[in-house]
Number of protein chains: 2
Amino acid sequence: MSVQERKQRERAERERLIVATARELAEEQGWDAVTTRRLAERIEYSQPVLYSHFRGKREIIGAVALQGATEMAVAVRAATAAADGPRARVYALARAYLDFAARNPAVYDALFQLDGGLAYAQEDTPEPLKDAFAALLESLGEVAGDGVDPGLFTEVFWASLHGVATLTRSGRLPPEYTEQRLELLVDRLAVV
Amino acid sequence: MSVQERKQRERAERERLIVATARELAEEQGWDAVTTRRLAERIEYSQPVLYSHFRGKREIIGAVALQGATEMAVAVRAATAAADGPRARVYALARAYLDFAARNPAVYDALFQLDGGLAYAQEDTPEPLKDAFAALLESLGEVAGDGVDPGLFTEVFWASLHGVATLTRSGRLPPEYTEQRLELLVDRLAVV
DNA sequence: CTCGATTGTCTAGCGGTGCTAGGATCGAAT
DNA sequence: ATTCGATCCTAGCACCGCTAGACAATCGAG
């Protein structure tokens with residue numbers, strides 16, 4: 001049994017290597033540069049090895065996305081935990097979100113822009129994704145306002161942040177006034 | 001001279017054909033299906049002909065985007081012109097925007113998701129893009145609220161709509177409650 | 001009307017992509 | 001020591017965006 005266990009361990013280790021390398025490559029040069037050939041060369045295996053771990057490139061993107069979701073949930077919770085009062089928590093959340101998107105553009109793309117073959121907003125949605133949304137909901141639910149469903153409010157707030165994040169990064173919004181946009185968004189959307 | 005004029009006319013006509021065909025193909029099967037080979041075959045010319053009109057695929061996407069910007073501006077102005085009062089205009093604008101995005105997903109992608117090689121939010125931004133933003137600003141400027149720059153407000157409102165549009169279409173937001181999200185967005189962001 | 005030059009278009013091909021079939025190699029169990 | 005199965009790689013498929021160079025059609029000058 002021990003031999004098989006060792007092999008399984010090594011296999012799992014290699015899978016982590018693939019995901020980590022894909023992520024590195026994507027952050028360095030963008031997802032377009034993450035080709036199966038380059039990725040295979042970096043992990044020092046041949047292309048077909050990738051396909052013994054993942055069905056294809058899409059699944060690799062999905063794996064990076066799940067990793068990113070977990071990290072984003074951590075970042076959001078850390079930021080909100082350090083803030084006093086509902087309003088301050090929402091500010092902290094918004095900053096943490098946009099900061100995460102700006103610092104990890106490739107991961108953000110994998111999560112919310114590219115097709116990683118993941119189910120969103122359904123029963124079979126992977127746990128990390130559900131949890132990332134839950135992390136948003138924990139602080140945003142406090143400021144949804146009377147008669148407004150906290151889930152719906154969270155969706156709207158999230159979508160707004162997503163719009164700012166993506167339009168800014170693609171150069172469609174000038175980056176100078178991001179802070180003012182954030183403040184306007186929080187001031188108007190959050191009910192004290 | 002007349003001969004040259006006829007040739008120029010025919011050339012311009014063929015260019016329109018390329019853009020229209022690219023758009024059709026993209027709406028039918030998505031931008032991934034718009035390959036230079038397929039596009040060339042549909043217009044019944046060889047691939048290199050495309051490159052005598054456009055520098056490459058990116059420029060074709062850009063041409064579709066400009067067309068889309070013009071149409072979106074028309075749609076938004078038509079919707080807001082038919083509404084009474086600032087608040088009603090903003091509702092109409094938001095609905096028209098999301099409706100345009102849903103009905104013309106490929107054009108919307110060309111405009112706000114893909115790289116069409118266009119400059120946004122700069123001096124050398126193409127006129128149709130400036131005008132589409134202006135169309136938003138005309139109605140949104142009315143409800144920016146005191147002390148808030150209308151341009152900044154328009155950017156934020158636009159980004160929020162963009163977030164809802166893209167997350168909904170990629171299946172990250174369930175489409176059922178789009179109307180409620182829209183109402184929440186308008187109610188909170190717009191100052192009576 | 002002919003002939004060279006120019007313009008326009010096409011065929012063929014380059015280096016790249018995601019992905020896979022089939023053979024070689026290696027290690028474990030008999 | 002030998003079989004046998006798992007593991008991995010080489011080679012190749014069909015497709016991608018893009019381009020060089022051959023070819024044909026048209027034009028202007030003599």
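Computation of the quantities below employed the complete heavy-atom set of this structure, encompassing side-chain atoms and omitting hydrogens, waters and symmetry-equivalent molecules. Residue numbering restarts at 1 for every chain, and letters A, B, ... go by the order of the sequence lines. Worth saying up front: this structure is predicted, and the values here are computed from it rather than measured.
- For B:Glu41 and D:dC15, the CD to P distance is 12 Å, given to the nearest whole Å.
- Between A:Glu71 and A:Arg103 no salt bridge is recorded (no basic side-chain N to carboxylate O distance below 4.0 Å).
- A cation-pi geometry, defined here as NZ or CZ lying under 6.0 Å from the six-membered ring centre and within 45° of its normal, holds between A:Arg14 and A:Tyr45.
- When the P atom of D:dC16 is taken as reference, atom CD of B:Gln29 falls 11 Å away, rounded to whole Å.
- Regarding B:Trp31, its CH2 atom lies at a distance of 11 Å from the P atom of D:dG17, rounded to whole Å.
- Distance B:Ile60 CD1 to D:dG17 P: 9 Å, rounded to the nearest Å.
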With sugar-phosphate taken as primed atoms, P, OP1 and OP2 and all else as base, the protein-contact string of nucleotides 8-18 of chain C at under 4.0 Å (heavy atoms; B, S, -) is -SBB-B---BB
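- The pair A:Arg38-A:Glu24 fails the salt-bridge criterion, with no side-chain N (NZ, NE, NH1 or NH2) lying under 4.0 Å from an Asp/Glu carboxylate O.
- The ring-ring contact (aromatic ring centres under 6.0 Å, His included) test with B:Trp158 singles out one residue from B:Phe112, B:Tyr120, B:Phe153, and that residue is B:Phe112.
- Comment: A:Arg95 engages A:Glu179 in a salt bridge, judged by a side-chain N to carboxylate O separation of less than 4.0 angstrom.
- Ion pairing between a basic and an acidic side chain is recognised when a charged N comes within 4.0 Å of a carboxylate O; A:Asp131 and A:Arg77 show such pairing.
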